[in-house]
*Asks:* 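This structure is in structure tokens; I'll ask about it shortly.
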Amino acid sequence: MPELPEVETTKEGIAPYLVGKKITQVVVRQPQLRWPIPAEVQELKNVEVFSVLRRAKFILINTAAGQVLLHLGMTGALRILPQGVPPEKHDHVDIWLSSGKMLRYTDPRRFGAVLWAALGEQHAMLAHLGPEPLSEAFTGSYLHSKAASRRQAVKTFIMDNKIVVGVGNIYAQEALFKAGIHPSRAAGRISKARYDKLRQAIVEVLQAALKAGGTTLKDFTKADGQPGYFQQELAVYGKGGQPCTVCGAELKKATHGQRSTVYCGQCQR
DNA sequence: ATCGGGACCTGCTTGC
DNA sequence: TGCAAGCAGGTCCCGA
């Protein structure tokens with residue numbers, strides 16, 4: 001489900017229900033996600049939520065006691081529900097709120113995570129992340145300098161969280177198509193001008209998806225249960241074998257870092 | 001220092 | 001119809 005636009009959409013959707021409320025209890029039915037859910041989270045009681053932020057694909061819930069970090073992995077989702085709605089199979093965690101509602105975490109594959117950082121401390125997981133793609137620190141020059149002498153394919157390069165966060169498999173493919181760059185091209189063999197273009201493409205693709213409320217995939221819905229509307233705008237993702245919308249050539253399929261890639265052999269060099 | 005591959009886990013689709 | 005293989009939004013960790 002979630003790439004950065006989906007995580008941002010989810011964060012925006014849940015924040016109004018959390019900020020200023022207290023967490024009254026945390027109900028954990030399945031503590032074994034990607035990592036075990038820390039005891040500090042499970043024991044939260046009567047703690048006020050100050051803010052809900054996003055860093056990379058983490059949703060950060062800042063409370064009077066410390067920070068809860070939520071990651072949705074591949075298939076995670078968060079919903080606001082009235083307390084007491086019976087859980088279904090993959091509803092692993094409920095965070096009860098003083099408003100009478102609760103935040104429910106659902107994740108069939110359990111690649112997601114619920115983590116904890118003590119007050120004033122930063123979780124190790126956030127320590128070595130690259131810049132946010134929609135921040136001023138993310139520029140073509142930055143990418144160009146980071147790529148120097150790297151032989152790695154540019155697609156896996158831009159999906160590396162240490163380079164830039166929030167670019168997942170869907171938007172990496174879309175951005176490379178938009179920038180006209182072949183996904184297999186070595187990162188270190190791309191000019192600064194082309195990195196300027198790639199940066200621009202990444203920003204545009206993410207912003208368009210954000211505006212549309214996230215990509216609708218099999219099961220992505222916003223916190224209010226409404227689907228996102230970006231899927232119809234995808235140019236290459238999941239479209240191998242179909243004609244390129246620009247030149248009509250048959251879109252090709254490849255694999256990078258064990259993730260599938262679709263691209264146009266004509267438009268992308 | 002980089003890199004590619006394996007691992008984690010479930011469910012849906014595809015093909016024999 | 002049944003069953004196994006293949007594939008899916010993420011990303012840490014390991015060995016070469």
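So you know, we letter chains A, B, ... as the sequences are listed, proteins then strands, and number each from 1.
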*Asks:* Quick check on dC3(B): is either OP1 or OP2 less than 4.0 Å from any side-chain nitrogen or oxygen of Gln152(A)?
*Replies:* yes
*Asks:* What is the pairing partner of dG9(C), taking Watson-Crick or G-U wobble pairs with both distances under 3.5 Å in any strand?
*Replies:* none
*Asks:* Between Glu204(A) and Lys178(A), is the closest basic N to carboxylate O distance under 4.0 Å?
*Replies:* yes
*Asks:* Using only side-chain N and O atoms of Arg259(A), determine if any of them is under 4.0 Å from OP1 or OP2 of dT11(C).
*Replies:* no
*Asks:* Starting from Leu251(A) and following side-chain heavy-atom contacts under 4.5 Å between hydrophobic residues (I, L, V, M, F, W, Y), which residues can be reached?
*Replies:* Phe177(A), Val236(A), Val246(A), Val262(A)
*Asks:* So does Arg151(A) reach the base of dT2(B) with its side chain, donor to acceptor, closer than 3.5 Å?
*Replies:* no
*Asks:* Among dG11(B), dG9(C), dC3(B), which nucleotide sits nearest the side chain of Pro108(A)?
*Replies:* dG11(B)
*Asks:* Does Arg109(A) or Gly166(A) map to a spot on DNA chain C nearer the 5' end, using the closest nucleotide for each?
*Replies:* Arg109(A)
*Asks:* Watson-Crick or G-U wobble partner for dC9(B), using a 3.5 Å limit on both distances?
*Replies:* none
*Asks:* When you compare dG9(C) with dT14(B), how far apart are their P atoms, in angstrom units rounded to a whole number?
*Replies:* 15 Å
*Asks:* Less than 4.0 Å between a side-chain N and a carboxylate O, is that true for Asp160(A) and Lys146(A)?
*Replies:* no
*Asks:* For Gly257(A), answer base if it contacts any base atom (sugar-phosphate contacts may also be present), sugar-phosphate if it contacts only those atoms, and nothing otherwise; contact means non-hydrogen atoms under 4.0 Å.
*Replies:* nothing
*Asks:* Parallel under 30°, tilted from 30 to 60°, perpendicular over 60°: which one fits the rings of His71(A) and Phe58(A)?
*Replies:* perpendicular
*Asks:* Return no unless some side-chain N or O of Thr75(A) is found under 4.0 Å from OP1 or OP2 of dT10(B).
*Replies:* no
*Asks:* Is the phosphate of dA8(C), meaning OP1 or OP2, less than 4.0 Å from a side-chain N or O of Tyr237(A)?
*Replies:* no
*Asks:* According to a cutoff of under 5.5 Å between the ring centres and under 30° between the ring planes, does Phe111(A) stack with the base of dC9(B)?
*Replies:* no
*Asks:* Quick check on dG10(C): is either OP1 or OP2 less than 4.0 Å from any side-chain nitrogen or oxygen of His71(A)?
*Replies:* no
*Asks:* Using the P atom as the reference point in each nucleotide, state the distance between dG11(B) and dT1(C) in Å, no decimals.
*Replies:* 23 Å
*Asks:* When you check the phosphate oxygens OP1 and OP2 of dT11(C), does a side-chain N or O of Lys162(A) lie under 4.0 Å from one of them?
*Replies:* no
*Asks:* At under 4.0 Å, does any side-chain N or O of His90(A) touch on OP1 or OP2 of dG11(B)?
*Replies:* yes
